[in-house]
Each structure stands twice: as C-alpha cells, then as structure tokens.
Amino acid sequence: QVQLVESGGGSVQAGGSLRLSCVGFDYTYKMACKVWFRQAPGKEREAVAGVDSDGTISYADSVKDRFTISRDNAKNTLYLQMDSLKPDDTAMYYCAAEFVTFCKGGFARGESAMDYWGKGTLVTVTS
C-alpha cells in the first residue's frame with residue numbers, strides 16, 4: 001500500500017499564493033503518473049494538474065497560467081504552486097498516483113485510473 005501525504009493547504013485572500021506538497025512513500029513513485037485533483041463543496045472532483053513519468057505536464061484550463069506543477073524525484077515529492085488564487089479555487093485538494101511503469105496520460109484518464117490517493121488538504125480562498 002503506497003502512502004501519499006499532502007500538506008500546505010490553508011486560508012488565503014484572493015490574489016494570494018499557496019504551495020501544496022505531496023510526499024509518496026514508495027521508491028516507484030517517481031515512475032508513476034501524478035495528478036492533483038480538487039473537489040469543491042457540492043461539486044464533482046476534477047483534475048487540476050498532472051505530470052507523467054517523462055515530465056509531460058497537463059493543466060485544466062481553469063488553472064492554466066496560475067498553477068504550476070512540479071516534482072522532485074529525489075525527494076519523492078510532488079508540488080503544486082498556486083498563484084493568483086480566486087475564491088473559486090476553494091476546495092479540498094488531493095494528490096493521486098497511477099502506478100504504471102513509465103506512465104503517460106494519467107491526467108487525461110482521470111480519477112478512475114488512479115491507484116492511490118492522499119487524504120487531502122483544504123484550500124480556502126477568501127474575497
């Protein structure tokens with residue numbers, strides 16, 4: 001069982017920034033597709049940003065040019081830098097991983113393809 005642990009959530013005013021982290025406690029984590037999802041109250045969970053094993057990055061249109069996904073394979077850590085935050089970004093943010101060797105396309109496949117999930121970290125953006 002792979003454990004994913006998110007951190008970095010909190011409350012911030014609109015226009016502010018937060019950086020989320022997700023540590024994967026497994027040496028194979030670096031070969032997985034890794035995706036950040038979010039779920040706002042009353043809404044379905046949506047993919048926000050993802051990175052494939054080869055470094056290919058994808059973003060949802062709603063966060064493009066504001067959010068940046070990155071990874072540090074040496075630390076088995078995934079990041080989500082969130083800038084210019086809006087109240088609509090308020091949600092529980094989850095990291096997830098699809099453990100396929102040399103995985104590609106996890107963002108497009110979405111939550112049904114993910115093998116492991118973190119418990120989430122809450123982001124609240126106030127106006």
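In terms of heavy atoms, K75 sits closest to T77 at O-OG1, 2.8 Å. Scanning both residues, G105 and C33, for their nearest heavy atoms gives N-SG, 4.0 Å. Across all non-hydrogen atoms, the minimal contact from A60 to A47 is CB-O, 3.5 Å. Shortest non-hydrogen contact noted between G106 and D52 is N-OD1, 3.7 Å. Between L18 and G8, the shortest heavy-atom contact is CD2-O, 3.9 Å.
With respect to E6 and K119, no salt bridge is recorded, no charged nitrogen being found less than 4.0 Å from a carboxylate O.
In this structure, N76 contributes its side chain and V23 its backbone to no donor-acceptor pair below 3.5 Å. With hydrogens and angles disregarded, a donor-acceptor distance shorter than 3.5 Å links the side chain of Y59 to the backbone of I69.
Judged as a side chain to side chain contact (heavy atoms under 4.5 Å, CB included), and not counting sequence neighbours, the contacts of V125 are V12, A14, L85, P87, D89, T90, V123. Legend: residues meeting side chain to side chain contact (heavy atoms under 4.5 Å, CB included) with T126, ordered by chain and number and at least two apart, are S11, Q13, T124. The salt bridge (charged side-chain N to carboxylate O under 4.0 Å, His left out) test applied to K64 returns D61, not counting sequence neighbours. Residues passing the side chain to side chain contact (heavy atoms under 4.5 Å, CB included) test with S84, sequence neighbours excluded: R66.
The side-chain heavy atoms of K34 and C95, taken from C-beta on, include no pair separated by under 4.5 Å.
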Show which side-chain atoms of residues 96-104 pair as donor or acceptor with protein atoms under 3.5 Å away, not counting sequence neighbours.
unit_1: E98; atom_1: OE1; unit_2: R109; atom_2: NE; d: 3.2
unit_1: E98; atom_1: OE1; unit_2: R109; atom_2: NH2; d: 3.0
unit_1: E98; atom_1: OE2; unit_2: R109; atom_2: NE; d: 3.1
unit_1: E98; atom_1: OE2; unit_2: R109; atom_2: NH2; d: 3.4
unit_1: K104; atom_1: NZ; unit_2: D54; atom_2: OD2; d: 3.0
unit_1: K104; atom_1: NZ; unit_2: T56; atom_2: OG1; d: 3.3

Do R38 and V63 pass the side chain to side chain contact (heavy atoms under 4.5 Å, CB included) test, and can you show the C-alpha distance, the side-chain angles, and the key distance before you say yes or no?
-> CA-CA 11 Å; R38 69 184 180 186; V63 306; 4.0 Å; yes

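Cluster partners of W117, by chain and number: V35, F37, M92, Y94, F107, M114, L122. The rule joins Ile, Leu, Val, Met, Phe, Trp and Tyr whenever side-chain heavy atoms lie under 4.5 Å apart.
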